[in-house]
There are 2 protein chains.
Amino acid sequence: MHTHTDSTACDDLAGAARILSAAQHLFAEKGFAAVSMHEIAQHAGVSKSNVFHHFRSKDELYLAVLGAACTSHREQLVPLLSGDEPFGVRLQRIMHADLEFMFAEPERAQLVLREITGTKPDDAVQPAPALLRDNAAALVAQMRIAQQNGEIRAEIDPAAVALLFLAANKFYFLTRNLIRHFPDVDFADDHGRYVEKIADLILHGVLPQEGVPK
Amino acid sequence: MHTHTDSTACDDLAGAARILSAAQHLFAEKGFAAVSMHEIAQHAGVSKSNVFHHFRSKDELYLAVLGAACTSHREQLVPLLSGDEPFGVRLQRIMHADLEFMFAEPERAQLVLREITGTKPDDAVQPAPALLRDNAAALVAQMRIAQQNGEIRAEIDPAAVALLFLAANKFYFLTRNLIRHFPDVDFADDHGRYVEKIADLILHGVLPQEGVPK
DNA sequence: GTCTATAATCAGATAGAC
DNA sequence: GTCTATCTGATTATAGAC
C-alpha cells in the first residue's frame with residue numbers, strides 16, 4: 001500500500017536515506033578513515049552488506065555524503081549577497097545568515113570545512129574546494145560592487161575583505177566548542193553578539209578615529 | 001666511537017627520532033586514523049616491531065608527535081607580543097611572525113590546527129586546545145593593555161580582535177593550497193602583502209573615513 | 001532490499017632470537 | 001635496539017539465500 005518499503009525501526013527514513021544519515025553523522029564527527037562500514041550499518045540499523053548493496057564502496061558512500069553537504073551549501077550565500085541596505089547592514093545580515101546556516105546543519109558544515117582545511121596541493125577540483133571557490137568568488141564580486149558604489153574604501157583589496165569575513169566565520173564555527181570555555185570570550189554562545197562585534201571591527205577597524213581621516 | 005648507534009640509512013637521525021619524524025610527516029598529511037604503523041615504519045626505514053619497541057602504542061606515538069608540535073608552538077607568540085612600537089606596527093610584526101612560524105614547520109602547525117578545529121565538546125584539556133587557550137589569552141591580555149594605552153578604541157572587545165587576528169592567520173594557512181588558485185587572490189604566495197592588507201583592514205576598517213569620527 | 005556467512009586482507013600489538 | 005615470525009581481531013568487500 002505504501003509506495004515501497006515500510007521502515008523497520010527508528011527513524012521515519014528508509015533504506016539508503018537511513019544509511020546516508022548515519023554516515024553523515026559519523027563522518028562529520030570522526031572523519032573518513034576513523035569510521036568503519038560496520039559502525040555505519042549499526043547506526044543505521046541495517047546489516048553491513050546492505051550498506052554495500054546501496055553504495056558500492058566506502059569511498060562512494062563518503063562522496064555521496066560529501067556531495068549532499070556541498071549541494072546544500074552551494075546556493076545558500078549567493079541570494080543573500082545583494083540588497084539595497086547600507087553595506088554595514090548587509091555585512092551583518094550575510095555573516096548572520098552564514099552562521100545560522102552552519103549551526104543549523106553543523107555536520108554538513110563540518111564535512112565541507114574538513115575537506116577545505118585538509119586539502120593537499122594537487123586536488124583542486126574536488127567538490128568542497130570548488131564550493132569554497134564559488135562562494136568566495138561571489139563574495140569578492142559583491143565587495144567590488146560595494147567598492148564601486150563608494151561604500152568601502154577604494155584602496156582596499158576586495159579579496160582581502162572576503163578572506164577576513166570567511167576566516168572569522170569559519171574559525172568561529174570550527175572552534176565553537178573550545179572558545180566556549182575561554183574566560184575572555186562572551187560571544188561563544190551568542191551569535192548575534194559575535195556578529196555585531198566582528199562586523200564593527202571589519203567596518204571601522206580598531207584604531208581610535210581621532211587620527212587623520214586621510 | 002660514536003656516542004651510540006650509527007644510523008643505517010637515509011637521514012642523519014637515528015632510532016626514535018627517525019620514527020618521530022616519519023610519524024609527524026604522515027600524521028600531519030593524512031590524519032591519525034588514516035596512517036598505519038606499517039606505513040610509519042616503512043617511511044622511517046625500520047621494522048614495524050621497532051616502532052612498537054620505542055612507542056608502546058599508536059596512541060602513544062601520536063601523542064609524542066603532537067606533544068612535540070605543541071611544545072615548539074607554545075612559547076613562540078608570547079615574547080613577540082610586547083614592544084614599544086605603535087600598535088599597527090606591532091600587529092604586523094606579530095602576524096608576520098606567526099605566519100613565518102607556521103610556514104617554517106607546516107606539519108607541526110597542521111597537526112595542532114587539526115586538533116583544534118576537530119575538537120568535540122568534551123575534550124577541553126588536551127594539549128592542543130590548551131595551547132590555543134594560552135596563546136589566545138596572551139593575545140587578549142596584550143589587546144587590553146593596548147586599549148588602556150588608548151591605542152585601540154575603548155568600545156572594542158579585546159577578545160574579538162584576538163579572534164579576528166587568529167582566524168585570519170590560521171584560515172590563511174589552512175587554505176593556502178586552495179586560494180593559490182583563486183583568480184581574485186594576489187597574496188597567496190606573498191605573506192608580506194597578505195599581512196599588509198589584513199592588518200590595514202583590522203586597523204582602519206573597510207568604511208571610507210569621510211563619515212563621522214564619532 | 002535485506003539478510004547470514006564468508007573471503008581476503010590489513011590493523012595493532014606481542015614473543016623471542018640476535 | 002633491531003629484526004622475523006606470529007597472534008588476534010577488525011576491515012572492506014563478495015556470494016548467495018530469502
Side-chain angles (χ1 to χ4, degrees), chain A residues 1-68 111, chain B residues 1-68 111 114-115:
Chain A
M1 301 307 174
H2 301 76
T3 47
H4 31 42
T5 65
D6 25 21
S7 83
T8 50
C10 214
D11 273 322
D12 53 343
L13 300 165
R18 293 268 299 277
I19 295 167
L20 275 170
S21 170
Q24 173 181 309
H25 184 74
L26 289 164
F27 283 141
E29 191 186 9
K30 316 209 284 180
F32 175 79
V35 176
S36 75
M37 296 296 257
H38 173 70
E39 205 175 354
I40 293 170
Q42 274 190 320
H43 275 73
V46 298
S47 75
K48 192 172 49 167
S49 297
N50 196 358
V51 178
F52 279 99
H53 171 73
H54 287 284
F55 304 93
R56 271 178 295 193
S57 69
K58 187 183 175 183
D59 286 79
E60 186 175 299
L61 174 54
Y62 180 72
L63 280 179
V65 170
L66 182 64
L111 279 164
Chain B
M1 303 308 173
H2 301 75
T3 47
H4 31 44
T5 66
D6 25 21
S7 84
T8 50
C10 214
D11 274 321
D12 53 344
L13 298 166
R18 292 268 299 277
I19 296 167
L20 275 170
S21 170
Q24 172 182 309
H25 185 73
L26 289 165
F27 282 142
E29 191 186 10
K30 315 209 285 180
F32 175 79
V35 176
S36 75
M37 295 296 259
H38 173 71
E39 206 175 354
I40 293 170
Q42 274 190 321
H43 274 74
V46 299
S47 73
K48 189 168 61 161
S49 298
N50 197 357
V51 179
F52 279 98
H53 170 74
H54 287 287
F55 304 93
R56 271 178 295 194
S57 69
K58 186 183 175 184
D59 287 81
E60 187 175 300
L61 173 54
Y62 180 72
L63 281 179
V65 170
L66 182 64
L111 278 163
R114 206 198 299 273
E115 286 295 314

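Proteins get letters first, then strands, A, B, ... in listed order; numbering begins at 1 in each. Since this is a predicted model, take the numbers as computed values, not measurements.
When the nucleotides D/dT12, C/dT14, D/dA15 are ranked by their closest atom to the side chain of A/Met37, D/dT12 comes out on top. The side chain of A/Ser49 sits closest to C/dC3 out of C/dC3, D/dA5, D/dT11. Of the listed nucleotides (D/dT12, C/dA13, D/dC3), D/dC3 has the atom at the smallest distance from the side chain of B/Val46.
Taking CD from A/Glu39 and NE2 from A/His43, the interatomic distance works out to 6.0 Å, rounded to the nearest 0.5 Å. Going from atom OG of B/Ser21 over to atom CD1 of B/Ile40 covers 11.0 Å, rounded to the nearest 0.5 Å. Separating the CG atom in A/Leu61 from the CZ atom in A/Phe52 is a distance of 9.0 Å, to the nearest 0.5 Å.
Contacts of A/Val35 with the nucleic acid, taken as non-hydrogen atoms under 4.0 Å apart, involve only primed sugar atoms and P, OP1 or OP2.
Using a 4.0 Å cut-off, some side-chain N or O of B/Asn50 falls inside it from OP1 or OP2 of D/dC3. Residue B/His53 places none of its side-chain N or O atoms closer than 4.0 Å to OP1 or OP2 of D/dC3. Dashed line: the shortest gap from a side-chain N or O of B/His38 to OP1 or OP2 of C/dA13 is not under 4.0 Å. Here B/Ser47 does not reach the OP1 or OP2 of D/dT2: none of its side-chain N or O atoms lies under 4.0 Å away.
One interatomic measurement links the two molecules: CZ of B/Phe55 to P of C/dT14, which rounds to 15 Å at whole-angstrom precision. Residue B/Ile40 contributes atom CD1, which lies 12 Å from atom C1' of C/dA11 at whole-angstrom precision. Rounded to whole Å, atom C1' of C/dA11 lies 13 Å from atom CG of B/Asp59. A straight line from CZ of A/Phe52 to P of D/dT11 spans 11 Å, rounded to a whole angstrom. Whole-Å rounding puts the B/Leu61 CG to C/dA11 C1' distance at 15 Å. For B/Lys48 and D/dA5, the NZ to C1' distance is 11 Å, given to the nearest whole Å. The CG atom of A/Leu26 sits 12 Å away from the P atom of D/dT12 (whole-angstrom rounding). Rounded to an integer number of Å, the gap from NZ of A/Lys58 to P of D/dT14 is 15 Å.
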Give the C-alpha distance, both sets of side-chain angles, the deciding distance and a yes or no for side-chain contact (heavy atoms from CB on, under 4.5 Å) between A/His53 and A/Asn50.
CA-CA 5 Å; A/His53 171 73; A/Asn50 196 358; 4.1 Å; yes
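B/Phe27 and B/Tyr62 have perpendicular rings, their planes meeting at more than 60° on a 0 to 90° scale where under 30° would count as parallel.
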